[in-house]
Amino acid sequence: MISKTISTYSNLPYWLSDSSIVQTVNTTPRYALPTKADAVIVGGGFTGMSAAITLARAGLSVILLEGGRLGEGASSRNGGLLGPSFSKLGVDGLEKTYGRDKVHSTIKESLHAFQWLVDFIKEEEIDCDLSLCGRFRGASHPNHYAGLVEQAEALLKVVDFPAIEVSKQNQHQEVGSDAYYGGMIYPKDGTLHPAKLLSGLSQIAQREGVFLAEHSMVRTIQKKGNRFSVSFDGGVINAEHVLIATNGYTGSSFRPLKHRLIPIRSAMVATEELPESVVREILPKLRGHGGTERLVAYYRPSPDGKRILFGGRAFGNGDQPQLYSKYLHGFMTRIFPQLSHVKLDYAWSGMIAYTFDHVPHIGQLEGMNFAMGYCGSGVGRANYFGYKAAQQILNLAEGKTSFDEFPFKGRPLYYGKPWFLPAIMKWHDFADRRGW
């Protein structure tokens, strides 16, 4: 029988509820790290792990420094939705700013990045519950349906990324809700277990000889001749190359990058275990899901098919589950009134990073390599960008990406603290509730 309370939840990512997932790698104590390396990677998420594997397999000595626990940031806190991650601005919006050829190149590479990760997971036999189940995106307002069709048609002119129209009359075949006005199926998209993916990457990195160090916050990086001196909580490492892979957790130690990123807190909740009939009523095809709201919501079944995982933006400063659990539960039950009495077992949040131009960035700044700014679509992007950043460090021709030429800009008087976000989010929430 389903409980009638939502207040008893663990402030812990559902993905980490199985403690065995995070106990598969023996990290190196800070005091035991070498003082020299070919490359130091700052950040132990998808980007850093992917880059570490690529560099180590090329024969470089690699040290990865993580300020908390490996994957403790967004890599183990996201929704586990996997797709090509096309820009939020859409084809037309990007073309107006950057031109047709450059935009079409990035769209094609985005689809390639998605397929690259799928192939990598299969080739490396990473057990991360990968399911190429497709995604349904519902039109949250009557006027939004035509826009979904137009977007799909525009993409299809550039890449082989088909979409299937679903009318409002037929949408119950895809979603157990009357809140939408039809929608679109993207059959190539998928889902996975992000913490299992991170664990698999960590095990590969360790096998390849990468030194993985937790609780090793980097404080300063200084260029000395043709090498870098990396000072961290535990000592100093001299390295020829440094890769900054901190995304939404980029701090003041990397001020030039921090000033170019907009950190945003994203949150998720997981319901209690539900009868199979309830899950199937909500998500008949067990796909990934989302809508067309300004404050986007995304949801999916848990890999075992027993829970609904529901995510969106978090309100307030810091991790305040008492706020975002209430907001997300309310959002969820507006879409699915039949879940109004369902209890939440987990509520958690993490930091993502947007950029001012809504595209991810990769390159060099002050001699250091970086890859970040995934704009809420980091599963496919982060792994691929880590791989490409490593190739750029290795000075390989194949490391070139269509994103290299996008200028990574900040804004005047912006120093990395988005004071404007609360007002913007409240406005978007107001607009969403009125269907604007």
Side-chain angles (χ1 to χ4, degrees), residues 33 35-52 54-55 58 60-67 73 213 216-263 351 353-357 359-375 378 381-382 384-397 399-418:
L33 291 172
T35 58
K36 293 183 179 180
D38 294 322
V40 167
I41 296 173
V42 184
F46 289 147
T47 306
M49 286 295 174
S50 179
T54 306
L55 292 173
L60 272 64
S61 58
V62 182
I63 299 174
L64 184 148
L65 301 175
E66 165 58 44
S216 302
M217 183 70 70
V218 172
R219 301 301 177 180
T220 61
I221 300 177
Q222 296 179 319
K223 188 73 180 292
K224 295 185 176 180
N226 61 350
R227 296 183 71 83
F228 292 93
S229 177
V230 182
S231 176
F232 68 102
D233 290 346
V236 178
I237 300 171
N238 292 308
E240 183 176 353
H241 305 283
V242 171
L243 171 64
I244 310 300
T246 46
N247 200 42
Y249 296 85
T250 302
S252 298
S253 299
F254 317 109
R255 200 176 301 276
L257 291 169
K258 180 181 179 181
H259 293 180
R260 291 166 165 82
L261 295 169
I262 307 170
M351 301 301 295
Y354 267 71
T355 59
F356 286 99
D357 57 4
V359 296
H361 288 272
I362 182 173
Q364 273 197 353
L365 188 65
E366 299 182 356
M368 296 181 292
N369 289 77
F370 67 85
M372 56 186 58
Y374 304 125
C375 301
R381 283 177 171 175
Y384 179 75
F385 268 51
Y387 167 64
K388 285 296 180 179
Q391 289 184 323
Q392 291 183 7
I393 288 173
L394 295 167
N395 201 28
L396 300 177
K400 180 177 176 56
T401 84
S402 57
F403 295 89
D404 294 343
E405 298 177 9
F406 285 98
F408 195 8
K409 296 181 179 180
R411 288 291 186 272
L413 303 179
Y414 176 73
Y415 303 108
K417 292 186 178 181

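For the single chain, residues carry numbers from 1 onward in sequence order. Bear in mind that the values here come from a model prediction, so they are computed numbers and not experimental data.
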Compute whether any side-chain donor of one residue and acceptor of the other, for Thr47 and Tyr374, lie under 3.5 angstrom apart. yes

Side-chain touch [X]/[Y], heavy atoms, less than 4.5 angstrom:
{"X": "Leu64", "Y": "Met49", "value": "yes"}
{"X": "Asn247", "Y": "Phe46", "value": "no"}
{"X": "Cys375", "Y": "Arg381", "value": "yes"}
{"X": "Lys258", "Y": "Thr246", "value": "no"}
{"X": "Glu240", "Y": "Leu60", "value": "no"}

Gap separating the [atom1] atom of [X] from the [atom2] atom of [Y], nearest 0.5 angstrom:
{"X": "Met217", "Y": "Ser253", "atom1": "CE", "atom2": "OG", "result": "7.5 Å"}
{"X": "Leu55", "Y": "Ser50", "atom1": "CG", "atom2": "OG", "result": "9.5 Å"}
{"X": "Met372", "Y": "Leu243", "atom1": "CE", "atom2": "CG", "result": "8.0 Å"}
{"X": "Thr355", "Y": "Ile262", "atom1": "OG1", "atom2": "CD1", "result": "7.0 Å"}
{"X": "Ile393", "Y": "Ile41", "atom1": "CD1", "atom2": "CD1", "result": "6.5 Å"}
{"X": "Asp38", "Y": "Lys36", "atom1": "CG", "atom2": "NZ", "result": "11.5 Å"}

For the side-chain contact (heavy atoms from CB on, under 4.5 Å) test, which of Val62, Ile244, Ile237 pairs with Val40?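 Going through the options one by one, the only one that passes is Ile237.
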
Listed by chain and number, what are the salt bridge (Lys or Arg N to Asp or Glu O under 4.0 Å) partners of Lys400, not counting sequence neighbours?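 Partners of Lys400 by the salt bridge (Lys or Arg N to Asp or Glu O under 4.0 Å) criterion, ordered by chain and then number, come out as Glu405.
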
Counting only heavy atoms not in Lys417, do more than 12 sit closer than 6.0 Å to its NZ atom?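 Open.
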
Atom CZ of Arg255 with >12 non-hydrogen neighbours under 6.0 angstrom: no

Whether the side chain of [X] engages the backbone of [Y] through a donor-acceptor N/O pair (distance < 3.5 Å, no angle test) should be reported.
{"X": "Tyr387", "Y": "Thr54", "result": "no"}
{"X": "Gln392", "Y": "Gly399", "result": "yes"}
{"X": "Ser216", "Y": "Leu65", "result": "no"}

Would you be so kind as to tabulate the donor-acceptor pairs closer than 3.5 Å made by side chains of residues 360-368, with sequence neighbours excluded?
{"from": "His361", "atom 1": "ND1", "to": "Phe406", "atom 2": "O", "distance (Å)": "3.4"}
{"from": "His361", "atom 1": "NE2", "to": "Asp357", "atom 2": "OD1", "distance (Å)": "3.1"}
{"from": "His361", "atom 1": "NE2", "to": "Asp357", "atom 2": "OD2", "distance (Å)": "3.0"}
{"from": "His361", "atom 1": "NE2", "to": "Val359", "atom 2": "O", "distance (Å)": "3.4"}
{"from": "Gln364", "atom 1": "NE2", "to": "Asn369", "atom 2": "OD1", "distance (Å)": "3.3"}

Residue pair Phe232, Val42: steps toward the side chain to side chain contact (heavy atoms under 4.5 Å, CB included) verdict: CA-CA 10 Å; Phe232 68 102; Val42 184; over 6 Å; no

Considering all heavy atoms, the nearest Pro263-Gly248 contact: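 Heavy atoms of Pro263 and Gly248 come nearest at CB-O, 4.0 Å.
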
Are Phe370 and Phe254 close enough that their ring centers fall under 6.0 Å? no

Is there a side chain to side chain contact (heavy atoms under 4.5 Å, CB included) between Leu261 and Tyr249? Walk through the geometry before answering. CA-CA 10 Å; Leu261 295 169; Tyr249 296 85; over 6 Å; no

